Amino acid sequence: MDTKETVLSILQDLTGTDVSGAMDDNLFDSGLLDSMGTVQLLLQLQGQLGIDVPVSEFERTEWDTPNKIIAKVESMK
C-alpha cells in the first residue's frame with residue numbers, strides 16, 4: 001500500500017468517511033477531525049508509516065486536508 005492509500009485508509013477509519021473524493025476539503029472545518037482525531041491520526045501515521053510528529057510541532061494548517069496530510073507524510077519519509 002502506498003502513502004496515499006495508507007493515509008486515506010487511516011482517515012476513513014478515524015472519520016468513518018471516505019474522503020478520497022474530497023482531497024482538498026478542510027477536515028477540521030467539516031468536523032471530520034478534531035483534536036482527539038488529530039492525536040489518533042498522528043499515532044496511526046507513526047504506527048503504520050513510521051512518521052513521528054510530536055504534537056507540539058503539529059501545525060494544523062499544514063494538516064487540514066487529505067492532500068496536505070499526504071504531502072506532509074511524503075516529505076517526512
Side-chain angles (χ1 to χ4, degrees):
M1 196 181 308
D2 68 12
T3 300
K4 179 179 177 180
E5 289 173 2
T6 304
V7 169
L8 289 175
S9 172
I10 291 169
L11 287 171
Q12 183 161 0
D13 286 348
L14 291 178
T15 65
T17 303
D18 177 3
V19 296
S20 62
M23 296 298 288
D24 292 310
D25 284 9
N26 187 306
L27 298 169
F28 295 101
D29 289 350
S30 64
L32 290 175
L33 267 188
D34 57 15
S35 54
M36 266 318 285
T38 299
V39 172
Q40 300 250 341
L41 172 66
L42 296 179
L43 288 171
Q44 290 288 331
L45 290 173
Q46 184 173 359
Q48 294 188 38
L49 294 169
I51 304 298
D52 187 22
V53 183
V55 175
S56 59
E57 294 177 20
F58 179 85
E59 182 58 52
R60 187 165 141 169
T61 56
E62 295 177 5
W63 296 81
D64 57 6
T65 71
N67 274 330
K68 286 185 185 177
I69 295 168
I70 293 163
K72 194 77 174 159
V73 168
E74 289 283 357
S75 73
M76 299 175 80
K77 284 180 130 181

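As the structure is a prediction and not an experimental result, all values here were calculated from the model. The basis for the numbers below is simple: all heavy atoms, side chains too, and nothing from hydrogens, waters or symmetry mates.
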Name the atoms and distances for all side-chain donor-acceptor pairs under 3.5 Å in residues 23-32, with sequence neighbours left out.
| from | atom 1 | to | atom 2 | distance (Å) |
| --- | --- | --- | --- | --- |
| Asp24 | OD1 | Asn67 | ND2 | 2.9 |
| Asn26 | OD1 | Phe28 | N | 2.8 |
| Asn26 | OD1 | Asp29 | N | 2.8 |
| Asn26 | ND2 | Asp64 | OD2 | 3.2 |
| Ser30 | OG | Asn26 | O | 3.0 |
| Ser30 | OG | Leu27 | O | 3.2 |

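- Between Thr65 atom OG1 and Ile70 atom CD1 the span is 8.0 Å, to the nearest 0.5 Å.
- Without hydrogens or angle criteria, Thr17 side chain to Val19 main chain gives no donor-acceptor distance under 3.5 Å.
- Every pair tested for ring-ring contact (aromatic ring centres under 6.0 Å, His included) that includes a residue from residues 1-26 fails, sequence neighbours excluded, so the list is empty.
- Pairs passing the ring-ring contact (aromatic ring centres under 6.0 Å, His included) check and including a residue from residues 56-77, sequence neighbours excluded, read Phe58-Trp63.
- For the atom pair CD (Gln40) and CG (Leu14), the distance works out to 6.0 Å, reported to the nearest 0.5 Å.
- To the nearest 0.5 Å, atoms CG (Leu45) and CD1 (Ile10) are separated by 4.5 Å.
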Exercise. Show the numbers, then the answer: is there a side-chain contact (heavy atoms from CB on, under 4.5 Å) between Gln46 and Val53?
Key: CA-CA 8 Å; Gln46 184 173 359; Val53 183; over 6 Å; no
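- With sequence neighbours excluded, no residue satisfies side chain to side chain donor-acceptor pair (under 3.5 Å) with Thr6.
- Within 6.0 Å of NZ in Lys68 there are more than 12 heavy atoms belonging to other residues, nucleotides or ligands.
- Annotation: side chain to side chain donor-acceptor pair (under 3.5 Å) contacts of Gln12 (sequence neighbours excluded): none.
- Of the inter-residue distances, the one linking Ser75 atom OG with Ile51 atom CD1 reads 8.0 Å to the nearest 0.5 angstrom.
- The CG atom of Asp13 sits 7.5 Å away from the CD atom of Gln48 when rounded to the nearest 0.5 Å.
- For Lys72, the side chain to side chain donor-acceptor pair (under 3.5 Å) test picks out Glu62, with sequence neighbours left out.
- Applying the side chain to side chain donor-acceptor pair (under 3.5 Å) criterion to Glu5, with sequence neighbours excluded, gives no partner residue.
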